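When a ligand or atom number is given, it counts from 1 through the structure's own listing order. Note that this is a predicted model, so its numbers are computed, not measured.
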Amino acid sequence: MGLFSGFEHIVREQEPLAPYTWLRVGGPAQYFAEPTSVDELVDLVKHCAENEVHVRVLGSGSSLLVREAGVSGLVVHLAAAAFSQISAEGNTVTAGGGAKLSHVISTAVREGLAGLEPLAGVPGTVGGALHDNADANGTDIGQWTSKATMLTRTGAIVEQQGDQLRFAYRDSSLDELAILSAEFTLEKADAEVLTKRMQKFWIVKQSSQPTANENPACAFKDVGGMNAATLIEQAGCKGAAVGSAAVSQRDSRFIVANPGATSDDVLKLIEKIQAAVHEQLGVELETQVRIW
Ligand SMILES: Cc1cc2nc3c(=O)[nH]c(=O)nc-3n(C[C@H](O)[C@H](O)[C@H](O)COP(=O)(O)OP(=O)(O)OC[C@H]3O[C@@H](n4cnc5c(N)ncnc54)[C@H](O)[C@@H]3O)c2cc1C
């Protein structure tokens, strides 16, 4: 592997990406790496910058659609323990960018720290949640974030805190290459009460959205406060399908990739829904799922 000579222990070629995404469709990554430490990641990113290799960061793949042709360049998966540490001290929970959001929420709840529990049931990692400012039940992750540490495309480590941090609907100022870790400043509360609240949010979420084994993705963003599911249904797309990809029966913002579905099926279904909503309602539906 000439290009990645010296990195053979962490870089693989032509790694299929479908198993790393919730939709479970799409082609391979030209290069794929699972670094085991921040130093190793920094070296790898610097090497890519020097050699003009494009780098992307993969979280849990719950908001990713990989095209059939796959992706060129390097995909980095922050799956190692070094990126998923979680700790709590005082009112603050600190978590690695690769940590599961659900683990961060349950740590906070166990420590009697309130704020993140309305996000119970949102799949994905801390990095993915911060990148697109995940929200649920009137709470977004950004409102509790007090600091984020990131890695730039040239391999420098930078921080944002306080006023530097900006969060909006499905958007944040954390747009460097990789979110390495974040701090959440939370509020003291009774752990038992919080546990019940978290469980309630989780149960409601599980019953209202497609489950992991349906291979779902939340395809569309809401538009100016209008629920995307309502727009999709008003445009006559409830239950619409292309090939084996279909609009979820539970929530029309979601597309599920049924057995045999391809990435092209999902893409064509997205385009079909966007066209119908535009024609019928004059509204442009933007995708929430990231298309690689
Ligand atoms: C069943 C289901 C329910 C969902 N419910 C909600 C919901 O209630 N609210 C909500 O907001 N979303 C929801 N989503 C969408 C999704 O769960 C979130 O967007 C989630 O935060 C994505 O995290 P991830 O780790 O899976 O990111 P991925 O899908 O892996 O990546 C998404 C984007 O984040 C970037 N990214 C990932 N990790 C990092 C990192 N460490 N540093 C920098 N960039 C990174 C990727 O490059 C990519 O651009 C739902 C999705 C599903 C399938």
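For the side-chain contact (heavy atoms from CB on, under 4.5 Å) criterion with S263, the lone passing option out of I291, L17, V25, V66 is V25.
Taking F167 as the reference, nothing meets the ring-ring contact (aromatic ring centres under 6.0 Å, His included) condition, with sequence neighbours excluded. By the side-chain contact (heavy atoms from CB on, under 4.5 Å) test, A275 pairs with no residue at all, sequence neighbours left out.
With hydrophobic clusters built from ILVMFWY side chains whose heavy atoms lie under 4.5 angstrom apart, L64 does not share a cluster with W22.
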Give me the pairs of N or O atoms, one from ligand 1 and one from the protein, that sit under 3.5 Å apart.
unit_1	atom_1	unit_2	atom_2	d
ligand 1	5 (N)	K205	NZ	3.1
ligand 1	8 (O)	D135	O	3.4
ligand 1	8 (O)	K205	NZ	2.8
ligand 1	9 (N)	D135	O	2.7
ligand 1	11 (O)	D135	N	3.0
ligand 1	11 (O)	R170	NH1	3.2
ligand 1	11 (O)	R170	NH2	3.3
ligand 1	17 (O)	S62	OG	3.0
ligand 1	17 (O)	P123	O	3.0
ligand 1	21 (O)	A129	N	3.3
ligand 1	25 (O)	S60	N	2.8
ligand 1	25 (O)	T125	N	2.9
ligand 1	25 (O)	T125	OG1	2.7
ligand 1	26 (O)	S60	N	3.4
ligand 1	26 (O)	G61	N	3.3
ligand 1	26 (O)	S62	N	2.9
ligand 1	26 (O)	S62	OG	2.6
ligand 1	29 (O)	S62	N	3.1
ligand 1	29 (O)	S63	N	2.7
ligand 1	30 (O)	G59	N	2.8
ligand 1	30 (O)	S60	N	3.3
ligand 1	30 (O)	G61	N	2.8
ligand 1	38 (N)	G128	N	3.4
ligand 1	41 (N)	I179	O	3.2
ligand 1	42 (N)	I179	N	2.7
ligand 1	47 (O)	V57	O	2.6

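Sorted by first and then second residue, the salt bridge (charged side-chain N to carboxylate O under 4.0 Å, His left out) pairs with a member in residues 248-267 read D251-R253; sequence neighbours excluded.
Side-chain contact annotation: H54 with Q30, donor-acceptor N/O pair under 3.5 Å absent.
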